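The model shown is predicted, which means the values in this text are computed figures rather than measured ones.
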Amino acid sequence: MDNIKIVLNMNFGLESVVKRELMDMGYGDLEVSDGQISLQGTLRDIAILNLRIRSAERVFIELASFEATTFEELFDNVNALPWQDIISKDGNFIVQGRSAKSKLFSVSDCQRITEKAIIKKLQRTYDISHFSKSAERYKIEVILYKDIARIVLDTSGEGLHKRGYREASYKAPLSETIAAGLVQLSYWNKDRILWDPFCGSGTIAIEAAMIGNNIAPGLMRSFDFEKFMFMDEKYIKEEKARCYGDIKYDNSLEIYGTDVSYKAIEIAKMNAEILGIEEDVKFFVKDVKDLDIAGDYGVIITNPPYGVRIGEGEVEELEEELGKLYKTLDTWSLYAISADEKFERNFGKRANRNRKLYNGRIKTYYYQYLGPAPKYI
């Protein structure tokens with residue numbers, strides 16, 4: 001597997017963010033489509049991407065792509081793959097599936113045929129009739145779209161939003177991958193103040209601190225690929241060491257998270273302490289209407305409560321208070337993600353930019369209010 005096709009998937013609307021991340025990491029020849037980006041790479045790149053990418057959800061290896069309009073075609077093409085070089089004798093292989101606009105529309109049947117083809121190949125190799133599936137996990141997916149079948153292997157295991165620092169969350173949290181995307185879509189950098197007045201469990205502030213300190217998002221977790229029979233363990237060891245070496249310990253960040261909930265702030269503080277960034281992020285209890293923010297050219301990035309989480313009347317009041325706060329900050333920029341299509345009216349000002357993003361299955365809008373560029377001396 002010296003030259004493999006790697007596929008990253010992400011929430012709709014974050015394709016450009018992930019593309020820029022990949023380009024900054026030195027990757028080129030990227031194929032971008034809705035919700036995914038493909039590139040050619042090596043097994044070492046699997047380790048690099050799982051450790052370092054911030055706004056993608058998973059990293060896959062594409063094992064094959066072929067036309068399949070009959071179950072016989074699906075079986076034969078899957079069976080032809082060198083599964084003996086991919087899955088160990090006791091490997092726990094799990095087949096999942098998706099199908100759209102294809103003659104083979106039954107997902108359960110596609111999964112069954114794919115698994116049968118893998119089993120038949122492995123039975124010939126290992127000369128056994130029963131597989132214990134007691135060892136490392138291999139999550140395989142058969143994806144059919146317009147009669148083209150793609151067989152992919154999930155290298156991440158748990159979704160990449162599971163960084164390992166969030167021991168607890170408060171109410172409806174924003175995922176870590178989306179929070180990182182919001183920060184990267186803003187004009188914030190480590191030299192500017194960042195404030196989240198509806199911080200909840202602190203995800204936006206913590207992700208910003210990780211970006212500011214160049215802390216790789218995957219350092220505190222494990223991945224399925226680490227135990228794959230064909231993966232050299234030196235890749236993860238060497239790339240983790242590089243990630244630790246790249247952390248900027250001498251930055252002086254000014255990041256604040258406030259919330260009206262004492263419980264939310266306690267959880268946010270605990271999450272920051274797990275990462276060791278409690279000196280960079282200050283969390284404290286404060287109602288948005290009582291905030292008095294100082295400093296110039298700061299950035300507010302926030303996920304205010306919206307209609308699917310609280311009552312409509314309270315949503316309108318909070319958005320109005322956020323608008324009043326912003327009017328007191330002449331040089332600041334503000335970025336807010338919300339599913340409320342009345343946000344601009346309640347806020348009291350039309351956004352300079354408005355980007356559609358999906359927070360899970362919820363369609364949201366990223367309202368962007370751009371202040372003046374900093375005048376650093």
Side-chain angles (χ1 to χ4, degrees), residues 10-24 30 32-35 37 54-57 174-200 203-205 207-208 211-212 255-257 288 291 293 295-308 315-316 318-376:
M10 67 285 309
N11 283 286
F12 291 113
L14 290 179
E15 294 87 351
S16 64
V17 176
V18 177
K19 180 181 178 180
R20 185 172 63 189
E21 283 192 73
L22 292 168
M23 293 176 67
D24 288 345
L30 306 175
V32 183
S33 57
D34 289 345
I37 298 178
R54 296 186 187 277
S55 292
E57 294 299 314
L174 194 68
S175 80
E176 292 85 339
T177 47
I178 293 179
L182 300 184
V183 175
Q184 292 179 101
L185 281 168
S186 78
Y187 284 125
W188 178 81
N189 62 57
K190 63 182 179 60
D191 298 317
R192 302 179 74 169
I193 304 170
L194 186 146
W195 203 300
D196 181 358
F198 301 101
C199 72
T203 309
I204 291 175
E207 288 295 321
I211 292 170
I255 300 174
Y256 302 93
V288 63
L291 275 177
I293 296 177
D296 293 320
Y297 304 108
V299 178
I300 291 174
I301 305 176
T302 192
N303 175 35
Y306 42 80
V308 296
V315 168
E316 182 177 342
L318 290 174
E319 292 170 350
E320 288 176 355
E321 291 296 338
L322 185 62
K324 291 176 184 178
L325 173 65
Y326 187 55
K327 286 179 181 178
T328 69
L329 302 169
D330 293 339
T331 63
W332 282 56
S333 298
L334 183 145
Y335 302 81
I337 183 172
S338 176
D340 183 13
E341 297 186 359
K342 299 177 182 177
F343 177 89
E344 290 171 299
R345 187 187 72 182
N346 296 335
F347 186 83
K349 186 178 181 180
R350 183 175 293 277
N352 297 103
R353 297 174 185 170
N354 182 3
R355 189 186 191 101
K356 188 186 298 183
L357 296 174
Y358 278 82
N359 182 9
R361 295 186 178 183
I362 301 173
K363 182 172 69 174
T364 64
Y365 301 91
Y366 194 35
Y367 299 99
Q368 303 170 57
Y369 297 86
L370 309 180
K375 298 176 181 178
Y376 296 119

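- At distances below 3.5 Å, at least one donor-acceptor pair connects side-chain atoms of Ser333 with backbone N or O atoms of Gly371.
- At a threshold of 4.5 Å between non-hydrogen side-chain atoms, the residues Val299 and Tyr187 do not count as touching.
- The main-chain N or O of Gly13 is found under 3.5 Å from a side-chain atom of Glu15 such that the two form a donor-acceptor pair.
- Residues Asn352 and Gln368 are not in side-chain contact: their nearest non-hydrogen atoms beyond the backbone lie 4.5 Å or more apart.
- Across all non-hydrogen atoms, the minimal contact from Ile300 to Ile293 is CD1-CD1, 4.4 Å.
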Inset, instruction - Step by step, work out the side chain to side chain contact (heavy atoms under 4.5 Å, CB included) result for Leu14 and Leu185. - result: CA-CA 9 Å; Leu14 290 179; Leu185 281 168; 4.2 Å; yes
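- The two residues Thr203 and Glu176 make their nearest non-hydrogen contact at CG2-CA, 3.8 Å.
- Counting heavy atoms from C-beta on, the side chains of Pro304 and Leu318 never come closer than 4.5 Å.
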Legend entry - Derivation of the side-chain hydrogen bond (donor to acceptor under 3.5 Å, both in side chains) call for Ser16 and Arg355: CA-CA 12 Å; Ser16 64; Arg355 189 186 191 101; 2.5 Å; yes
Inset, instruction - Report the C-alpha distance between Ile204 and Leu174 in whole Å, list the side-chain angles of each, state the deciding distance to 0.1 Å, and finish with yes or no for side chain to side chain contact (heavy atoms under 4.5 Å, CB included). - result: CA-CA 8 Å; Ile204 291 175; Leu174 194 68; 3.9 Å; yes
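- Distance CD1/Ile193 to CD1/Ile255: 11.0 Å, rounded to 0.5 Å.
- With rounding to the nearest 0.5 angstrom, the OH atom of Tyr369 is 4.5 Å from the CD atom of Glu344.
- To the nearest 0.5 angstrom, Lys19 atom NZ is 6.0 Å from Met23 atom CE.
- Paired with Leu357 under the rule side chain to side chain contact (heavy atoms under 4.5 Å, CB included), one option of Asn11, Val17, Leu182 passes, and it is Leu182.
- The two residues Ile362 and Ala339 come nearest to each other via the heavy atoms CG2-CB, 4.0 Å.
- Below 30°, between 30° and 60°, or above 60°: for Phe347 and Tyr326 the angle between ring planes is between 30° and 60°, a tilted geometry.
- Here the closest heavy-atom approach between residue Glu57 and residue Met10 is recorded as CG-CA, 4.0 Å.
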Inset, instruction - Report the C-alpha separation of Asp196 and Thr302 in whole Å, then their side-chain angles, then the decisive distance to 0.1 Å, and conclude whether the side chain to side chain contact (heavy atoms under 4.5 Å, CB included) test is met. - result: CA-CA 5 Å; Asp196 181 358; Thr302 192; 2.6 Å; yes
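- Atoms CG and OH, from Asp191 and Tyr297 in turn, are 14.5 Å apart once rounded to the nearest 0.5 Å.
- Note that NZ of Lys324 and CD of Glu321 are 4.5 Å apart. Values are rounded to the nearest 0.5 Å.
- Atom CG of residue Leu334 and atom CG of residue Leu322 lie 5.0 Å apart, to the nearest 0.5 angstrom.
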Inset, instruction - I would like to know whether Tyr366 and Ile178 meet side chain to side chain contact (heavy atoms under 4.5 Å, CB included); could you show each step before the answer? - result: CA-CA 11 Å; Tyr366 194 35; Ile178 293 179; over 6 Å; no
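- For the residue pair Glu21 and Ser55, the shortest heavy atom distance occurs at OE2-N, 3.1 Å.
- The shortest side-chain heavy-atom distance between Phe343 and Ser338 falls under the 4.5 Å cut-off.
- Aromatic ring orientation, Tyr358 versus Phe12: perpendicular (interplanar angle above 60°, classes split at 30° and 60°).
- Taking each heavy atom of Asn354 and Tyr365 in turn, the nearest pair found is OD1-CB, 3.3 Å.
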